[in-house]
**Student:** 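Have a look at this one.
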Amino acid sequence: MAQLGNITFYAEDPDRLARFWAGVFGYPPPDLDGFAEFMATRGLSREDVEKRSMVEDPEGCGPRLYFHHAAGPKEGRNRIHLDVNLGSQHRDLAELEAEKDRLVGLGATVVRLVDQRWGEAHEQYFQLQDPEGNEFCLQ
């Protein structure tokens with residue numbers, strides 16, 4: 001059966017974007033020397049490595065996030081995005097706003113607060129963008 005490997009982002013500044021997402025998920029910041037050593041085993045030069053970055057969950061539970069230099073700036077809307085969950089028991093808008101404020105402090109931009117109903121279900125979440133304009137939701 002297939003397993004999720006990396007979630008890969010194309011980025012103008014891979015290290016900066018890696019630091020942002022590491023902060024979002026509480027991963028350690030990128031380790032350029034360790035990453036260079038890891039990538040050297042795959043045949044990449046130091047110059048190649050400087051165009052990439054990677055962060056991982058130290059407990060091995062969350063996905064590895066891989067960042068690769070993009071040929072140009074992001075244009076248009078994402079074809080896929082991440083939903084960042086505050087927690088399965090989250091039901092308080094104040095908690096959601098506090099986490100939104102933390103992510104803004106890391107470099108996110110708020111697009112909008114979505115407040116909608118699906119039948120009986122009430123859903124509130126923030127649509128945000130990372131420092132390079134990739135959309136994601138905080139719920």
Side-chain angles (χ1 to χ4, degrees):
M1 172 176 284
Q3 294 181 329
L4 180 64
N6 297 329
I7 296 175
T8 302
F9 295 76
Y10 287 94
E12 289 186 62
D13 186 340
D15 190 62
R16 177 177 175 234
L17 204 55
R19 290 179 185 286
F20 170 79
W21 284 105
V24 169
F25 292 118
Y27 289 9
D31 170 12
L32 183 58
D33 292 330
F35 181 59
E37 197 173 295
F38 171 77
M39 295 308 283
T41 66
R42 286 154 175 78
L44 271 72
S45 69
R46 184 71 177 200
E47 182 179 283
D48 290 332
V49 169
E50 289 173 359
K51 295 179 182 176
R52 295 164 174 82
S53 194
M54 180 180 74
V55 294
E56 296 183 275
D57 180 353
E59 296 176 16
C61 298
R64 174 189 293 155
L65 306 177
Y66 184 78
F67 303 85
H68 191 288
H69 188 263
K74 176 186 173 293
E75 294 181 20
R77 190 163 181 194
N78 297 4
R79 298 290 298 242
I80 187 170
H81 76 262
L82 301 181
D83 286 338
V84 176
N85 292 335
L86 187 55
S88 61
Q89 301 304 312
H90 159 70
R91 296 287 180 264
D92 181 45
L93 184 58
E95 286 179 275
L96 191 63
E97 287 181 345
E99 182 65 2
K100 179 258 308 172
D101 291 343
R102 185 182 80 82
L103 299 184
V104 167
L106 293 172
T109 302
V110 177
V111 175
R112 65 189 173 126
L113 171 64
V114 177
D115 189 339
Q116 61 191 8
R117 295 205 176 270
W118 298 92
E120 296 295 315
H122 181 219
E123 183 177 44
Q124 291 179 309
Y125 62 90
F126 282 99
Q127 182 183 5
L128 302 165
Q129 292 180 333
D130 73 15
E132 293 201 7
N134 300 301
E135 295 90 7
F136 67 100
C137 293
L138 172 65
Q139 53 195 29

**Student:** Taking the side chain as every heavy atom from C-beta outward, state whether V24 and L106 have any pair of such atoms under 4.5 Å apart.
**Tutor:** yes

**Student:** Side chains of V111 and Q129: closer than 4.5 Å at any heavy-atom pair?
**Tutor:** yes

**Student:** Flag the pair D83 / Y125 as yes when at least one side-chain heavy-atom distance between them is below 4.5 Å, and no otherwise.
**Tutor:** no

**Student:** Is any side-chain heavy atom of P14 less than 4.5 Å from a side-chain heavy atom of K51?
**Tutor:** no

**Student:** Given 3.5 Å as the limit, does a donor-acceptor pair link the side chain of K74 with the main chain of G76, or not?
**Tutor:** yes

**Student:** Rounded to the nearest 0.5 Å, what separates atom CG in D101 from atom CG in L96?
**Tutor:** 10.0 Å

**Student:** Taking all non-hydrogen atoms of both residues, which atom of A70 and which atom of Y10 are closest, and how far apart?
**Tutor:** CB-CB, 3.9 Å

**Student:** With side chain to side chain contact (heavy atoms under 4.5 Å, CB included) as the test, would you mind laying out the steps for F25 and V84 before giving the verdict?
**Tutor:** CA-CA 9 Å; F25 292 118; V84 176; 4.1 Å; yes

**Student:** Check whether more than 12 heavy atoms from other residues, nucleotides or ligands sit under 6.0 Å from atom CD1 of I80, and answer yes or no.
**Tutor:** no

**Student:** Check step by step if side chain to side chain contact (heavy atoms under 4.5 Å, CB included) holds for L82 and F9.
**Tutor:** CA-CA 11 Å; L82 301 181; F9 295 76; 3.8 Å; yes

**Student:** Is Q127 reaching over with its side chain to a backbone N or O of V114, donor-acceptor style, under 3.5 angstrom?
**Tutor:** no

**Student:** Calculate, to the nearest 0.5 Å, the distance between atoms CG and CD belonging to D15 and E50 respectively.
**Tutor:** 10.0 Å

**Student:** Rounded to the nearest 0.5 Å, what's the gap from NE2 on H69 to CG on D48? Could you check?
**Tutor:** 12.5 Å

**Student:** Determine whether more than 12 heavy atoms belonging to other residues, nucleotides or ligands lie under 6.0 Å from atom CZ of R77.
**Tutor:** no

**Student:** Using the rule that Ile, Leu, Val, Met, Phe, Trp and Tyr join whenever any side-chain heavy atoms are under 4.5 Å apart, tell me whether L113 and W118 fall into a single cluster.
**Tutor:** no

**Student:** Nearest 0.5 Å, please: how far is OG in S53 from CE in M39?
**Tutor:** 10.5 Å

**Student:** Could you grab the distance from atom CD of Q124 to atom CG of L93, nearest 0.5 Å is fine?
**Tutor:** 4.5 Å

**Student:** Please say whether more than 12 non-hydrogen atoms of neighbouring residues, nucleotides or ligands are located less than 6.0 Å from CD in E47.
**Tutor:** no

**Student:** Which label fits Y66 and H68: parallel for a plane angle under 30°, tilted from 30 to 60°, or perpendicular past 60°?
**Tutor:** tilted

**Student:** R19 versus V55: any side-chain heavy-atom pair under 4.5 Å?
**Tutor:** no

**Student:** Could you tell me whether F136 and H81 have their ring centroids closer than 6.0 angstrom?
**Tutor:** no

**Student:** Establish, yes or no, whether the cationic atom of R42 lies under 6.0 Å from the six-membered ring centre of F38 and within 45° of the ring axis.
**Tutor:** yes

**Student:** Looking at R16 and P131, what are the two nearest heavy atoms and their distance?
**Tutor:** NH2-CB, 3.4 Å

**Student:** Is there a side-chain contact between E97 and F126, using heavy atoms and a 4.5 Å cut-off?
**Tutor:** yes

**Student:** Rounded to the nearest 0.5 Å, what separation is found between the CG atom of L86 and the CG atom of L138?
**Tutor:** 6.0 Å

**Student:** State, to 0.1 Å, how close G23 and R102 come at their nearest heavy-atom pair, and which atoms those are.
**Tutor:** O-NH1, 3.0 Å

**Student:** Would a 4.5 Å heavy-atom cut-off, applied to side chains only, mark R52 and L44 as touching?
**Tutor:** yes

**Student:** Taking only residues at least two apart or on different chains, which pairs with a member in residues 57-66 satisfy salt bridge (charged side-chain N to carboxylate O under 4.0 Å, His left out)?
**Tutor:** E56-R64

**Student:** For A11 and L17, which heavy atoms make the closest approach, and how far apart are they?
**Tutor:** CB-CD2, 3.7 Å

**Student:** Can Y27 be reached from L128 by stepping across I, L, V, M, F, W or Y side chains whose heavy atoms are under 4.5 Å apart?
**Tutor:** yes

**Student:** Got a sec, which residues hit salt bridge (Lys or Arg N to Asp or Glu O under 4.0 Å) with E132, two or more places apart in sequence or on another chain?
**Tutor:** none

